[in-house]
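First up is the structure itself, then whatever we jot down about it.
Chain A is the first sequence line, chain B the second, and so forth, proteins listed ahead of strands; every chain is numbered from 1.
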Amino acid sequence: SAVISQKPSRDICQRGTSLTIQCQVDSQVTMMFWYRQQPGQSLTLIATANQGSEATYESGFVIDKFPISRPNLTFSTLTVSNMSPEDSSIYLCSACEDSYEQYFGPGTRLTVT
Amino acid sequence: AQKITQTQPGMFVQEKEAVTLDCTYDTSDQSYGLFWYKQPSSGEMIFLIYQGSYDEQNATEGRYSLNFQKARKSANLVISASQLGDSAMYFCAMREPRGNEKLTFGTGTRLTIIP
């Protein structure tokens, strides 16, 4: 099974600033995803990180707010731009190999003040 | 559009008892996958078990089993001999047909094991 790490594990940021979250997988994976979990809520998919091309965003999420990079098959970044308190959430990276299993990173707890 | 329903927001279970967490789903696809994840207070999502729509046998992983009833569109998680460390949020999720692996999650069930 893939082992996924995320940095930072948590951060407290000021309104109007941006934060970039890194996701590193210990093996090459075909697909990587970014999810958001708002306080007390379930997980919502932000986008699919495509290697070598633009990310595919879900309804309600836009590239200007959540730019994503995926330069290779083991690494991706998510930037939360121009943050507001409503962006306070856990952001989770996940990866999928050729098998059915989808694994998650430990998450990044973001608090915006 | 796919939908996952978990009707139990919270459950309290005595240690060593078995517990069933409910999950129903709605999809028009014939090929799909169903997942259960555990989320402790630390926030990480721990993969527990998977059931493919064409799998004839119910999936099992140690103390976890998935009671898959395709006609009823239900995929309940059964935890046998519950332990204090089982206290966590549990999420049921569905994967779209192969080629698009994104997951749709239910609202979750908070399980508390009572010593």
Side-chain angles (χ1 to χ4, degrees), chain A residues 1-11 21 23 25 29-51 55-61 68 76 88-111, chain B residues 1-10 21 23 25 29 31-55 57 59 61-62 64 66 68 75 88-110:
Chain A
S1 63
V3 176
I4 303 173
S5 59
Q6 283 185 235
K7 289 196 293 189
S9 59
R10 59 177 64 230
D11 208 341
I21 303 168
C23 177
V25 189
V29 291
T30 52
M31 305 187 82
M32 296 180 73
F33 303 91
W34 287 98
Y35 291 82
R36 180 177 74 179
Q37 186 178 26
Q38 294 177 302
Q41 304 294 315
S42 185
L43 279 74
T44 301
L45 180 66
I46 298 172
T48 303
N50 301 310
Q51 195 265 330
T56 304
Y57 289 84
E58 297 299 302
S59 176
F61 298 96
I68 288 171
S76 178
S88 297
S89 298
I90 300 175
Y91 291 85
L92 295 121
C93 167
S94 74
C96 184
E97 299 173 296
D98 290 334
S99 67
Y100 59 80
E101 297 178 4
Q102 186 168 140
Y103 295 94
F104 283 79
T108 297
R109 287 181 184 269
L110 171 62
T111 301
Chain B
Q2 296 186 331
K3 186 176 179 181
I4 298 285
T5 303
Q6 294 180 254
T7 58
Q8 307 153 309
L21 304 181
C23 173
Y25 59 92
D29 296 313
S31 175
Y32 51 88
L34 296 157
F35 297 75
W36 277 93
Y37 288 88
K38 172 184 177 181
Q39 187 179 44
S41 57
S42 58
E44 62 187 308
M45 293 289 285
I46 301 170
F47 168 78
L48 295 179
I49 198 166
Y50 168 83
Q51 180 84 40
S53 59
Y54 292 120
D55 295 340
Q57 304 271 0
E61 290 284 351
Y64 304 107
L66 199 152
F68 182 47
M89 282 291 289
Y90 288 81
F91 290 97
C92 180
M94 172 181 282
R95 186 203 70 213
E96 297 190 2
R98 293 296 276 181
N100 185 352
E101 307 296 327
K102 59 184 180 181
L103 300 178
T104 301
F105 284 84
T107 52
T109 296
R110 180 170 297 281

With side chains defined as the heavy atoms from C-beta onward, is the minimum distance between B/Leu103 and A/Phe33 less than 4.5 Å?
no
Give a yes or no on whether the ring-centroid distance for A/Phe104 and B/Phe47 is below 6.0 angstrom.
no
Heavy-atom distance under 4.5 Å between the side chains of B/Tyr37 and A/Gln102, does that happen here?
yes
Of all the heavy-atom pairs spanning A/Ile90 and B/Gly43, show the shortest one and how long it is.
CD1-CA, 4.5 Å
So A/Glu58 and B/Lys102, do their side chains get closer than 4.5 Å, heavy atoms only?
yes
Contacting region of B/Ser42 [heavy-atom separation from chain A under 4.5 Å]:
backbone
Under 4.5 Å from a heavy atom of chain B, the part of A/Gln6 involved
neither
So, do A/Gln37 and B/Gln39 sit near enough that their side-chain heavy atoms are less than 4.5 Å apart?
yes
Go through the atoms of A/Leu43 and report whether side chain, backbone, both or neither lie under 4.5 Å from a heavy atom of chain B.
both
